[in-house]
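In what follows, a single structure is set out as structure tokens and then discussed.
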Amino acid sequence: MIQLTKAPRLVATDLDGTVVRSDESVSPRTMAALKRLAAAGVILVGATGRGPRLLDLCRNDIPSADFLVLGQGAFVYECRYDDTVVELADRSVDGEVLLRALNLVEAEVGPLRALAEPADPARNITGDPMPDWPWPAVTLEAAPREVAFTGPMVKGYFVSDHHTGPELLVAAQDVVDEDLVTVTESGVGMLEVCPVGVTKAAGIQVVLDKFGIDWSDVLVFGDATNDLSMIRAAGHSVAMPNGHPWVQTAATEIAPAGNNDDGVAQYLEELLDLV
């Protein structure tokens with residue numbers, strides 16, 4: 001039995017680890033539940049750490065979404081009316097700022113491998129060799145840091161051979177001023193370093209402001225620590241049972257099943273049967 005007491009006006013869901021399964025697909029059942037939600041007049045937002053170069057993939061994974069929040073909240077796109085995508089927000093950070101943050105974190109935890117994701121999608125993600133890069137469909141390019149971290153960036157990726165993603169996050173929060181960059185991680189062992197003030201909650205706020213919706217009327221789903229901002233802000237939040245313990249502790253309740261077993265779909269089906 002779900003614990004939600006009123007129908008939400010807006011639903012925001014993370015993608016990877018939440019509606020996207022371990023085989024990188026979205027099940028027909030989840031697709032149908034999200035489509036039914038949108039048909040009921042609820043605004044649907046997909047919120048992900050994926051950068052704008054993966055906009056088409058995001059649209060394929062959650063085609064019923066009215067809006068997409070990408071790059072941990074730096075980019076917001078409206079996809080409501082036809083195949084035309086309208087950009088509502090676009091935030092970047094200078095590569096030199098990412099390098100300053102990298103130096104601070106390395107001084108704290110030791111050597112890291114680092115990549116920079118340019119805001120220009122025509123440029124590859126570039127930096128140190130990354131043999132265990134988790135997204136083989138995304139092309140990487142090796143280059144010296146002074147070359148890689150040049151110009152406007154979506155974000156940086158910092159990886160340690162000796163520390164987990166959450167461990168790097170805690171260390172970075174101790175030594176990197178929040179007025180320099182925003183740090184987070186997505187559950188794949190990487191520290192992600194973003195423009196100041198960029199969070200999924202900040203990206204969703206762009207949509208809320210457009211419609212005059214309060215966070216008390218928002219339902220969110222998430223699994224990783226980069227979902228904490230929206231988990232904490234929403235009137236009602238649902239963590240995945242496969243999610244990080246920090247997220248499960250912060251959420252209102254836990255989904256009935258994980259991402260591989262249509263947990264979001266099961267929750268939404270019960271919700272839609274009640275409204």
Side-chain angles (χ1 to χ4, degrees), residues 16 47-55 58 69-76 87 89-135 137-203 224-229:
D16 300 296
T48 177
R50 300 175 186 176
R53 68 188 63 233
L54 295 178
L55 175 60
C58 296
V69 172
L70 272 59
Q72 307 292 12
F75 299 84
V76 181
E87 186 178 79
D90 178 349
R91 295 279 307 280
S92 62
V93 56
D94 193 271
E96 292 185 1
V97 174
L98 295 180
L99 270 181
R100 286 164 57 193
L102 174 59
N103 291 335
L104 290 169
V105 180
E106 284 192 318
E108 179 73 7
V109 304
L112 301 172
R113 287 172 284 132
L115 294 169
E117 179 173 357
D120 179 1
R123 294 177 58 193
N124 291 330
I125 298 176
T126 307
D128 300 332
M130 197 75 68
D132 52 356
W133 179 249
W135 301 288
V138 178
T139 301
L140 301 183
E141 181 179 335
R145 289 179 176 180
E146 62 269 21
V147 174
F149 288 83
T150 302
M153 297 290 158
V154 174
K155 57 184 171 179
Y157 301 88
F158 303 168
V159 182
S160 170
D161 292 329
H162 306 290
H163 300 276
T164 66
E167 288 171 346
L168 282 180
L169 177 61
V170 171
Q173 288 172 334
D174 285 341
V175 298
V176 178
D177 195 299
E178 62 182 13
D179 291 331
L180 181 66
V181 292
T182 297
V183 292
T184 189
E185 69 91 32
S186 300
V188 293
M190 296 182 178
L191 181 72
E192 298 191 20
V193 186
C194 304
V196 171
V198 164
T199 65
K200 289 189 178 183
T225 58
N226 65 326
D227 297 320
L228 280 170
S229 65

| query | Which pair of heavy atoms, one from Leu168 and one from Ser160, lies closest together, and at what distance? | reply | CD1-N, 3.8 Å

| query | Any idea how Tyr157 and Trp135 line up, ring-wise: parallel (<30°), tilted (30 to 60°), or perpendicular (>60°)? | reply | tilted

| Val183 side chain near Leu191 side chain, heavy-atom distance below 4.5 Å | yes

| request: Search all heavy atoms of Ala116 against all heavy atoms of Ala148 and return the closest pair with its distance. | output: CB-O, 3.7 Å

| field | Nearest non-hydrogen partners of Pro121 and Ala119, listed with the distance | value | CD-O, 3.1 Å

| remark: The salt bridge (Lys or Arg N to Asp or Glu O under 4.0 Å) partners of Lys200 (sequence neighbours excluded) come to Asp14, Asp227

| query | Heavy-atom distance under 4.5 Å between the side chains of Arg53 and Ile125, does that happen here? | reply | yes

| Heavy-atom side-chain contact between Val138 and Trp133 under 4.5 Å | yes

| task | Decide whether Thr199 and Gln72 meet the rule of one side-chain donor and one side-chain acceptor closer than 3.5 Å. | result | no

| query | Salt bridge between Arg100 and Asp177, side-chain N to carboxylate O under 4.0 Å? | reply | no

| query | Within the side chain of Lys155, is there an N or O that forms a donor-acceptor pair under 3.5 Å with the backbone of Gly49? | reply | yes

| field | CD/Glu87: more than 12 non-hydrogen atoms of other groups inside 6.0 Å | value | yes

| field | Any donor-acceptor pair under 3.5 Å from Glu106 side chain to Leu112 backbone | value | yes

| Measuring from Asn124:CG to Glu117:CD, what's the distance to the nearest 0.5 Å? | 10.5 Å

| note | Distance col, row Asp94:CG vs Leu99:CG, nearest 0.5 angstrom, shows 9.0 Å

| query | Between OG1 of Thr184 and CG of Leu228, what distance do you get to the nearest 0.5 Å? | reply | 7.5 Å

| request: Would you name the heavy atoms of Pro129 and Arg113 that are closest together and state the gap between them? | output: O-CD, 3.5 Å

| query | Using a distance-only test with no angle check, is there a side-chain donor-acceptor pair under 3.5 angstrom linking Thr164 and Glu185? | reply | no

| task | With rounding to the nearest 0.5 Å, note down the distance linking CZ in Arg145 to CG in Asp128. | result | 4.5 Å

| query | side chain to side chain contact (heavy atoms under 4.5 Å, CB included) between Leu102 and Phe158: does it pass, once the steps are laid out? | reply | CA-CA 8 Å; Leu102 174 59; Phe158 303 168; 3.5 Å; yes

| field | Over all atoms of both residues, closest heavy-atom pair of Val105 and Ala172 | value | CG2-CB, 4.0 Å

| said: If the threshold is 4.0 Å, N to carboxylate O, is there a salt bridge linking Arg123 and Glu141? | reply: no

| query | So, does Ser186 use its side chain to make a donor-acceptor pair with the main chain of Val188 at under 3.5 Å? | reply | no

| task | Start with the C-alpha gap between Asp132 and Met190, add the side-chain angles, then the distance that decides, and say whether side chain to side chain contact (heavy atoms under 4.5 Å, CB included) holds. | result | CA-CA 11 Å; Asp132 52 356; Met190 296 182 178; 5.8 Å; no

| said: With rounding to the nearest 0.5 angstrom, report the CG to CD distance, Asn103 to Glu108. | reply: 13.5 Å

| request: Could you give me the CA-CA distance, side-chain angles and deciding distance for Cys58 and Leu70, then say whether side chain to side chain contact (heavy atoms under 4.5 Å, CB included) is met? | output: CA-CA 9 Å; Cys58 296; Leu70 272 59; 4.3 Å; yes

| said: The test is side chain to side chain contact (heavy atoms under 4.5 Å, CB included); show your working for Glu192 and Asn226 and say whether it passes. | reply: CA-CA 9 Å; Glu192 298 191 20; Asn226 65 326; 5.8 Å; no

| task | Going by the side-chain contact (heavy atoms from CB on, under 4.5 Å) test, name the single residue among Leu98, Thr126, Leu140, Val159 that passes it with Leu115. | result | Leu140

| Any donor-acceptor pair under 3.5 Å linking the side chain of Thr182 with the backbone of Pro195? | yes

| request: Might you point out which heavy atoms bring Val181 and Val193 nearest each other, and give the distance in Å? | output: CG2-CG1, 3.5 Å

| When you look at CD of Glu146, are more than 12 heavy atoms from neighbouring residues, nucleotides or ligands closer to it than 6.0 Å? | yes

